[in-house]
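Everything below concerns the one structure shown next.
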Amino acid sequence: EEIALVSLVQYIIDRQVRHQKDKRKLYFELRGTVRKVFADAQHLEHILDNLISNAFKYSQNKPNPVLILTFNENNFTINIIDYGLGIPQNQHKKVYSSFFRGDNVRDIKGTGLGLLIVHNLVKMNGGKITFESEENQGTTFTLEFPYF
Ligand code: ATP
Ligand code: MG
């Protein structure tokens, strides 16, 4: 279905921010010229909810996360950036497997299923997901989707 991507993203961010304690916020940046997008709104909501909640959860007491939505010529991308704990380099290969939990997040609750679901939903919708992460520096997840 055709979706209003910018307002959907803003709505998801606002809801996540309302759940945060300690007055944490998320900075939302828009790049490029807004275009019509055909996508499954519920899937996108689920994907972004998971990635944004991870960004907050694994960056407590650190600077606030950032989300950048970019309308490119042939696709749109969403970067979810945080300055938190990061994922240890030797565990990068395992992030999308079931029940994966980084050995640096033992004190933080989680089941290790969020990213597995996100990964499947992204693929199901013709998108791509990649990430860059460095321990104690932060993590950036990047989503890329075609317009149709
Ligand atoms: P849940 O199933 O409730 O989401 P979870 O957050 O542990 O639990 P995933 O979202 O699948 O599960 O993430 C898996 C693991 O990947 C996390 O436990 C954490 O080790 C690592 N991880 C994911 N996102 C981040 C992030 N933004 N910063 C640091 N580590 C992350
Ligand atoms: Mg999670």
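FYI, side chains are in, hydrogens and waters are out, and symmetry mates aren't considered; it's all heavy atoms of this structure. Counting convention: from 1, in listed order, for ligands and their atoms alike.
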So Thr142 and Asn79, do their side chains get closer than 4.5 Å, heavy atoms only? yes
With a 6.0 Å cut-off (strictly less than), is the heavy-atom count around CG of Asn90, excluding the residue itself, greater than 12? yes
Considering only non-hydrogen protein atoms, determine which one is nearest to atom 12 (O) of ligand 1 and report residue, atom name and distance to 0.1 Å. Gly112 CA, 3.1 Å
heavy-atom search around atom 1 (P) of ligand 1 in the protein gives Thr111 OG1, 3.5 Å
Report, as yes or no, whether the 6.0 Å neighbourhood of atom CD on Glu1 holds more than 12 heavy atoms from other residues, nucleotides or ligands. yes
Contact region, Asp82 to ligand 1, non-hydrogen atoms below 4.0 Å, reads side chain
Going by heavy atoms in the side chains, are Leu115 and Phe100 under 4.5 Å from each other? no
Can you tell me which residue and heavy atom of the protein come closest to atom 24 (N) of ligand 1, and the distance to 0.1 Å? Asn54 ND2, 3.5 Å
Would one find an N or O of Leu85, backbone or side chain, under 3.5 Å from an N or O of ligand 1? no
Identify, for atom 30 (N) of ligand 1, the protein heavy atom at the shortest distance, and state residue, atom and that distance. Ile87 CG1, 3.4 Å
Pick whichever of Tyr58, Tyr83, Phe131 has a heavy atom sitting closest to atom 31 (C) of ligand 1. Tyr58
Counting N and O atoms only, with roles assigned by atom type, does the side chain of Asn104 sit under 3.5 Å from a partner on the main chain of Gly86, one being a donor and the other an acceptor? yes
Return the residue, atom name and 0.1 Å-rounded distance of the protein heavy atom closest to atom 20 (O) of ligand 1. Gly102 N, 2.7 Å
If you measure from each heavy atom of Val95 to ligand 1, is any distance below 4.0 Å? no
Would you say Arg35 and Phe76 make side-chain contact, with heavy atoms under 4.5 Å? no
With backbone taken as N, CA, C and O and side chain as the heavy atoms from C-beta onward, which portion of Lys109 lies under 4.0 Å from ligand 1: side chain, backbone, both, or neither? neither
Using a 4.0 Å cut-off to any heavy atom of Leu113, which atoms of ligand 1 qualify? 2 (O), 11 (O), 12 (O)
Listed pairs under 3.5 Å, donor-acceptor, residues 65-73 side chains, sequence neighbours left out:
residue : atom : partner : partner atom : Å
Asn72   : ND2  : Asn75   : OD1          : 2.9

Validation row: Lys57, Ile108 side chains within 4.5 angstrom (heavy atoms): yes
CD of Glu132: more than 12 outside heavy atoms within 6.0 angstrom? no
Given Phe56, Phe99, Phe100, which one has a non-hydrogen atom that is nearest to atom 16 (O) of ligand 1? Phe100
Considering His92, Glu135, Arg101, which one's heavy-atom position lies nearest to atom 7 (O) of ligand 1? Arg101
Is Lys57 in contact with ligand 1, taking contact as a heavy-atom separation below 4.0 Å? yes
Shortest reach to atom 11 (O) of ligand 1 by a heavy atom, considering only Ile52, Asn50, Ile80, Leu115: Leu115
Close side-chain approach of Leu44 to Leu5, heavy-atom, < 4.5 Å: yes
Short check: any N/O/S atom of Asn54 below 2.8 Å from the Mg ion (ligand 2)? yes
